[in-house]
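Each ligand, and each atom within it, is numbered from 1 in the order the structure gives. In this chain, residues are counted from 1 in sequence order.
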Amino acid sequence: MYLWSISPKNPPKQLTGYLSGHSYLWPMRIDILTVLPELLESPFQHSIMKRAQDKGLLEVVTHPLRKWAVNDYGQIDDYQYGGGAGMVMMCEPLAKAIEELSAERKYDEIIYLTPDGEQLNQKIANSLSLKGNLLMICGHYKGIDERIRQHFVTKEISIGDYVLSGGELAAAVLVDTIGRLLPGVLNDETSALFDSFQDNLLAPPVYTRPEDFRGWKVPDILMSGDHKKIDEWRLEQSIERTKQRRPDLEI
Ligand code: ADE
């Protein structure tokens with residue numbers, strides 16, 4: 001599901017800045033620490049994320065955490081103190097990795113993807129899209145040692161109330177939501193205004209050819225050519241949908 005705004009007069013901040021000529025320091029750089037870099041090979045090599053990187057607007061670099069393993073076996077996790085099933089990602093590899101990467105560039109945020117983090121929404125994506133350098137940490141097993149969270153991590157993000165096998169897919173989601181907001185990434189700059197959560201409105205229904213499919217017709221209003229009326233109809237549909245499906249969203 002995606003949400004939509006009919007209100008170009010109220011564009012999201014990052015686009016306001018861009019459209020008004022404010023220049024940000026691009027490309028945005030996102031480093032990702034992961035035990036499974038293979039999982040992140042594909043998500044950024046297609047479609048909009050690929051275009052963002054090809055255009056030099058976004059740079060995504062994955063770092064295999066085992067590079068900083070505590071021994072030659074590539075160990076990065078250990079049993080948890082106090083007992084219980086499940087391994088915990090150790091302090092040392094994470095601390096060394098974060099310190100080494102932080103020596104190269106100053107991160108605006110060091111983000112840990114975790115189901116007990118703040119739930120991702122468009123507002124968070126908007127605000128992160130204004131940053132220059134982000135470091136993301138993908139957890140696995142029981143998660144990472146609490147001391148890393150306390151002493152290095154600056155932001156904890158969940159992509160929803162469910163548990164994934166690891167943080168990689170969550171990181172891919174986060175990179176995608178941020179990456180598509182970077183000005184110049186989408187073909188039509190305004191499209192970010194019209195297809196996102198910006199105004200807390202769900203998108204209206206959309207139709208394409210043919211006009212009549214098995215007797216199921218496209219609403220007459222969309223064929224009318226009256227753009228004012230079409231805009232009004234879309235807004236009504238959006239509001240109606242939002243009320244029905246997401247009464248929790250404040251319109
Ligand atoms: N890691 C495991 N589950 C997650 C979730 N829901 N969000 C972010 N990171 C996760």
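Residues Glu211 and Lys217 are not paired through a salt bridge, judged by the lack of any N-O separation under 4.0 Å between the basic side chain and the carboxylate. Taking a cutoff of 4.0 Å between a charged side-chain nitrogen and a carboxylate oxygen, Asp226 and Lys228 do not qualify as a salt bridge. A salt bridge links Arg29 with Asp31; the closest basic N to acidic carboxylate O contact falls under 4.0 Å.
When hydrogens are left out, the protein atom nearest atom 6 (N) of ligand 1 is Tyr162 O, 2.8 Å; that is the closest non-hydrogen contact. Of the protein's heavy atoms, Leu164 N, 2.9 Å lies nearest to atom 3 (N) of ligand 1. For atom 7 (N) of ligand 1, the closest non-hydrogen atom of the protein is Ile159 N, 2.9 Å. Scanning the protein heavy atoms around atom 4 (C) of ligand 1, the nearest turns out to be Pro115 CD, 3.6 Å.
In this model, no donor atom of one side chain and acceptor atom of the other lie less than 3.5 Å apart for Glu156 and Thr114. A donor-acceptor pair shorter than 3.5 Å cannot be found between the side chains of His140 and Asp77.
Contact annotation: for Asp161 versus ligand 1, there are no heavy atoms closer than 4.0 Å.
The distance from ligand 1 to the heavy atoms of Leu113 drops below 4.0 Å at these ligand atoms: 8 (C), 9 (N).
Of the N or O atoms in Ala170, none lie within a sub-3.5 Å distance of an N or O in ligand 1. In terms of polar-atom proximity, Ile157 is not counted as a contact of ligand 1, lacking any N or O under 3.5 Å from an N or O of the ligand. Looking at Val163 next to ligand 1, no N or O pair under 3.5 Å apart turns up.
Membership of the apolar cluster around Phe213 extends to Trp216, as traced through chained side-chain contacts below 4.5 Å between ILVMFWY residues.
Under a 4.0 angstrom heavy-atom cut-off, Gly166 registers as being in contact with ligand 1.
Annotation: Lys155, atom NZ; neighbour count of heavy atoms from other residues, nucleotides and ligands within 6.0 Å is above 12.
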